[in-house]
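Notes to accompany the following structure.
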Amino acid sequence: MARVVVDVMLKPEILDPQGQAVQRALPRLGFEGIADVRQGKRFELEVEGPVDDAVLARVNELAETFLANTVIEDFTVRVEETATA
Amino acid sequence: MTTRIGVVTFPGSLDDQDALRAVKLAGGEPVSLWHRDKDLHQVDAVVLPGGFSYGDYLRCGAIARFSPVMSTIIEQAKAGMPVLGICNGFQVLCESHLLPGALTRNDHLHFICRDQRLRVENNNTAWTTDYAAGQEITVPLKNGEGGYVADERTLDELEAEGRVVFRYLDVNPNGSRRDIAGITNAAGNVVGLMPHPEHAVEALTGPTTDGLGFFTSAIKKLVNA
């Protein structure tokens with residue numbers, strides 16, 4: 001099994017009120033010096049069989065059509081090296 | 001012949017019963033549609049109701065958009081069938097790309113529930129002909145993710161083509177760009193808005209009966225078609 005990770009983030013120009021709320025809470029908790037926080041989503045897909053270009057193309061397709069709304073979000077797809085058991 | 005207006009129930013829909021009742025009060029024949037059934041049962045128009053379809057998982061409306069009933073609705077909407085998306089239904093229409101843009105979390109992060117004043121900016125859509133252009137109406141609003149966003153080019157296009165159908169008055173309740181409460185597609189048959197006209201159809205339970213015009217508009221249009 002191989003793991004493919006899809007990270008989804010709001011586009012830079014889209015307001016992220018959740019990230020802002022997190023950022024504003026930080027000084028109260030004693031964490032200074034964090035100028036900005038953006039909150040996103042991470043999907044871990046456990047893929048059966050080897051991850052070749054065809055599989056990655058399919059994952060890109062599912063990320064673009066379903067996991068991310070590309071009107072407001074950007075996404076990245078990467079293969080995560082997993083230690084063999 | 002009565003006009004048959006379908007209302008879809010997704011897992012997590014809340015306002016399907018109110019929408020069915022609104023259709024009935026407006027003089028139409030309400031028809032319940034089920035998310036797993038591709039068949040639209042010969043309805044003349046469809047309402048996608050408010051609620052939290054699929055628990056709002058992933059994104060509001062993102063999973064509902066891929067339900068079997070939506071494949072038929074998308075096809076029919078493109079062929080001209082009137083479709084109204086209210087609140088979660090508006091989110092489903094944006095996720096389906098039947099309407100441009102997206103709905104994001106309210107800028108103040110609070111779920112909001114209030115009677116909201118709106119201005120009808122376009123009374124030529126399938127769902128707004130019973131209003132006067134510029135008419136001000138009050139209907140309930142209740143959402144946590146109702147901030148309408150789109151890129152500037154799309155917003156300019158919507159304004160230029162008169163496709164902003166409703167605008168918030170008094171206060172912008174959720175950070176929507178340009179105070180946009182509802183929009184339509186280029187053909188005017190698909191309309192989506194965050195506020196809830198189906199909750200403003202009876203004096204006993206609504207702040208007004210201003211919402212009834214949505215349903216009477218669609219019925220008149222279909223009878224005359």
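Proximity to chain B involves both the backbone and the side chain of A/F66, based on heavy atoms less than 4.5 angstrom apart. Residue A/L10 does not touch chain B at all, counting heavy-atom pairs closer than 4.5 Å. Heavy atoms closer than 4.5 Å to chain B are found in both the backbone and the side chain of A/Q18. With a threshold of 4.5 angstrom between heavy atoms, B/N106 approaches chain A through N, CA, C or O but not through any side-chain atom.
Enclosure of atom CZ in B/R177 is not indicated, since only 12 or fewer non-hydrogen atoms of other residues, nucleotides or ligands lie within 6.0 angstrom. In this structure, B/F66 places its CZ atom where more than 12 heavy-atom neighbours from other residues, nucleotides or ligands lie under 6.0 Å away. Residue A/E44 places its CD atom among more than 12 non-hydrogen atoms of other residues, nucleotides or ligands, all under 6.0 Å distant. In this structure, B/R114 places its CZ atom where more than 12 heavy-atom neighbours from other residues, nucleotides or ligands lie under 6.0 Å away. At most 12 non-hydrogen atoms from other residues, nucleotides or ligands lie less than 6.0 angstrom from NZ of B/K78. No more than 12 heavy atoms of other residues, nucleotides or ligands lie within 6.0 Å of CG in A/D53, so this atom counts as exposed by the packing criterion.
Of all non-hydrogen atoms in B/L109 and A/P17, the two that sit nearest each other are CD1-O, 3.5 Å.
Expressed to the nearest 0.5 Å, how far CD of B/E95 lies from OG1 of A/T65 amounts to 10.5 Å.
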Self-check item: Worked verdict on A/I72 versus B/T104 for side chain to side chain contact (heavy atoms under 4.5 Å, CB included)
Solution: CA-CA 9 Å; A/I72 49 169; B/T104 58; 4.0 Å; yes
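Side-chain N or O atoms of B/R105 include none that pairs as donor or acceptor with a backbone N or O of A/L15 at under 3.5 Å.
Heavy-atom neighbours of chain B within the stretch residues 27-41 of chain A, taken at a separation under 4.5 angstrom, comprise A/K41.
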